[in-house]
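What follows is a set of notes on a single structure, which appears directly below.
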Amino acid sequence: MDHPDRNLAMELVRATEAAAIRAVPWIGRGNKNAADGAAVDAMRKFLATVEFQGEVVIGEGEKDEAPMLFNGEIVGNGTGPLCDIAVDPIDGTSLTAAGRQNALSVIAVADRGTMYNPKEVFYMEKIVTGPAGKDVIDLERPIGDNIRGLAKALGKGVEDMNIAVLDRPRHEQLIHDIRESGAGTELLLDGDVAGGINAALQTGRIDMCVGIGGTPEGIITACAIKGLDGVMQTRLFPRNDEERSNAINAGHDLDRVLTADDLVRTDNTFFVCTGVTDGGLVKGVNRERDQITTDSVVLRARSGTFRRVTAVHRVSKWLDED
């Protein structure tokens with residue numbers, strides 16, 4: 001992807017818009033698999049028209065036994081640049097099914113062969129901040145030290161710091177330690193991609209995003225962080241002895257701290273997302289009479305651009321499609 005078409009980002013947005021729109025009928029219906037299936041089908045259909053040769057490095061994946069957009073699948077129209085692609089048709093399927101906020105449709109693209117492949121390991125430890133975290137945060141230090149260091153770099157009191165964490169039993173001690181430091185928590189019900197991006201943007205309540213989350217989301221977040229000049233450190237987190245053994249056999253160094261540059265070894269990246277439900281990063285899909293409005297974000301690391309894309313779609317065009 002040495003000389004990517006600048007229109008590639010807009011083509012990718014069409015795919016996330018399609019996935020988000022197709023998921024809407026399943027919002028709040030309690031069926032996350034149906035929502036995901038509708039989004040996957042729509043995203044795959046639109047990606048087939050994009051002028052690039054994409055190989056899915058991070059897809060629905062082995063964990064979900066997905067029949068489409070699986071790891072290793074080739075997408076695109078067979079012409080144009082060779083790319084690695086990471087997809088999450090819905091980051092937050094449980095959020096969508098419950099009708100909760102912060103569900104996204106996401107695609108990240110980079111030069112072919114540059115995305116880290118976390119095969120055999122489905123989770124990783126993560127810490128994400130904005131540019132102020134450079135030379136400050138350290139995944140191997142206690143969370144309290146990281147919070148105090150970042151607060152000093154930001155010129156804020158620790159009591160004014162707000163730390164995003166997935167609300168999971170595995171994070172009980174982490175949440176306790178964050179609050180013990182004097183900082184507050186923003187507990188995420190699901191989907192830590194938006195949490196990481198909001199931490200890097202530092203335009204809202206979130207100053208840092210930490211905790212154990214999915215490796216696919218980690219690679220996708222890294223593409224966005226590179227476009228925001230943010231800071232990200234991760235380490236693979238096998239859940240059991242079998243996964244640990246498989247990871248070692250696959251050649252992974254489980255003690256190594258990986259940065260965004262390790263996860264995506266190029267600055268020639270695109271990140272696009274479209275809101276499925278309302279959230280702090282983007283608004284969800286909104287239908288009023290004969291119009292559907294979508295809200296998306298486009299990030300390009302090489303140019304350092306952050307764009308918001310609001311699109312209005314005619315309902316008839318979607319209802320009439322097969």
Side-chain angles (χ1 to χ4, degrees), residues 1-4 6 8-9 12-13 15-16 47 50 52-59 61 69 71-73 75-76 80-88 91 104 106-131 133-134 137 139 191-201 209 213-237 250-253 256-273 281 297-307:
M1 204 168 61
D2 290 334
H3 302 286
R6 292 176 184 271
L8 177 59
L12 295 172
V13 167
T16 57
L47 283 176
V50 177
F52 78 145
Q53 301 174 66
E55 180 176 350
V56 179
V57 176
I58 305 295
L69 293 179
N71 295 1
E73 183 174 356
V75 296
L82 299 172
C83 305
D84 284 349
I85 179 170
V87 300
D88 199 343
D91 179 39
L104 306 171
V106 182
I107 296 174
V109 172
D111 294 318
R112 175 68 61 84
T114 60
M115 279 189 185
Y116 181 77
N117 188 342
K119 57 187 176 183
E120 307 295 346
V121 186
F122 300 125
Y123 289 88
M124 58 172 44
E125 301 174 74
K126 310 171 191 176
I127 181 167
V128 183
T129 75
K134 290 182 180 179
I137 65 165
L139 187 64
D192 59 353
V193 172
I197 295 172
N198 281 325
L201 283 170
C209 186
T215 48
E217 290 82 2
I219 310 302
I220 290 170
T221 301
C223 283
I225 296 307
K226 290 173 75 71
L228 294 170
D229 196 30
V231 181
M232 182 175 187
Q233 293 184 7
T234 68
R235 183 165 48 205
L236 296 177
F237 187 84
H252 291 301
D253 180 353
R256 183 185 176 192
V257 173
L258 303 165
T259 68
D261 287 334
D262 294 317
L263 298 179
V264 187
R265 300 184 308 278
T266 178
D267 67 350
N268 197 21
T269 66
F270 290 96
F271 168 90
V272 300
C273 72
L281 182 61
V297 160
V298 178
L299 284 162
R300 188 175 182 223
R302 176 158 288 177
S303 60
T305 51
F306 178 101
R307 292 184 172 92

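Side chains are part of it too, since the values below use all heavy atoms of this structure and drop only hydrogens, waters and symmetry mates.
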Quiz item: Checking side chain to side chain contact (heavy atoms under 4.5 Å, CB included) against T16, which of V87, I107, V297 comes through?
Solution: I107
Quiz item: For the residue pair V231 and G133, what are the closest heavy atoms and their distance?
Solution: CG2-C, 3.7 Å
Quiz item: Between A9 and V298, which heavy-atom pair has the shortest distance, and what is it?
Solution: CB-CG1, 3.6 Å
Quiz item: Closest approach of C209 and A199, non-hydrogen atoms and distance?
Solution: N-CB, 3.7 Å
Quiz item: Does D91 have any salt bridge (charged side-chain N to carboxylate O under 4.0 Å, His left out) partners at least two apart in sequence or in another chain, and if so, which?
Solution: none
Quiz item: Which residues satisfy the side-chain contact (heavy atoms from CB on, under 4.5 Å) test with T221, sequence neighbours excluded?
Solution: V193, I225, M232
Quiz prompt | Option passing side chain to side chain contact (heavy atoms under 4.5 Å, CB included) with P118 (candidates T215, L258, V57, T234) | solution = T215
Quiz item: Where do D111 and N268 come nearest, in terms of heavy atoms and distance?
Solution: OD1-ND2, 3.0 Å
Quiz item: Minimum heavy-atom separation for G113 to D84, with atom names?
Solution: N-OD2, 3.0 Å
Quiz prompt | Pairing residues for T259 by the side-chain hydrogen bond (donor to acceptor under 3.5 Å, both in side chains) criterion, not counting sequence neighbours | solution = D262
Practice problem: Please identify each residue that fulfils side-chain hydrogen bond (donor to acceptor under 3.5 Å, both in side chains) with D261, with sequence neighbours left out. | Solution: K226
Quiz prompt | Partner residues of R265 under the side-chain contact (heavy atoms from CB on, under 4.5 Å) criterion, sequence neighbours left out | solution = T114
Quiz item: Between the side chain of D267 and the main-chain N/O of R302, is any donor-acceptor distance below 3.5 Å?
Solution: no
Self-check item: Step-by-step side chain to side chain contact (heavy atoms under 4.5 Å, CB included) determination, F52 to V75
Solution: CA-CA 8 Å; F52 78 145; V75 296; 4.0 Å; yes
Quiz item: Does the side chain of L281 come within less than 4.5 Å of L201's, by heavy atoms?
Solution: yes
Quiz item: Who passes salt bridge (charged side-chain N to carboxylate O under 4.0 Å, His left out) against D229, sequence neighbours left out?
Solution: K134
Quiz prompt | Set of side-chain contact (heavy atoms from CB on, under 4.5 Å) partners for E55, sequence neighbours left out | solution = I74, R112
Quiz prompt | Flag side-chain contact, heavy atom, 4.5 Å: L299 against R307 | solution = no
Quiz item: Looking at CZ of F270 and CG of L12, how far apart are the two atoms once the value is rounded to the nearest 0.5 Å?
Solution: 7.5 Å
Quiz item: Who passes ring-ring contact (aromatic ring centres under 6.0 Å, His included) against Y116, sequence neighbours left out?
Solution: H252
Practice problem: Using side-chain hydrogen bond (donor to acceptor under 3.5 Å, both in side chains) as the criterion, list what pairs up with D192, not counting sequence neighbours. | Solution: K126
Quiz item: To the nearest 0.5 Å, how far apart are CD1 in I197 and SG in C223?
Solution: 10.0 Å
Practice problem: Just jot down the side-chain contact (heavy atoms from CB on, under 4.5 Å) partners of A86, sequence neighbours excluded, or say none. | Solution: I58, A108, M115, I220
Quiz prompt | Heavy-atom pair with the smallest gap, counting every atom of R235 and R256 | solution = CG-O, 3.5 Å
Quiz item: Can you name the residues that form a side-chain hydrogen bond (donor to acceptor under 3.5 Å, both in side chains) with Q233, not counting sequence neighbours?
Solution: none
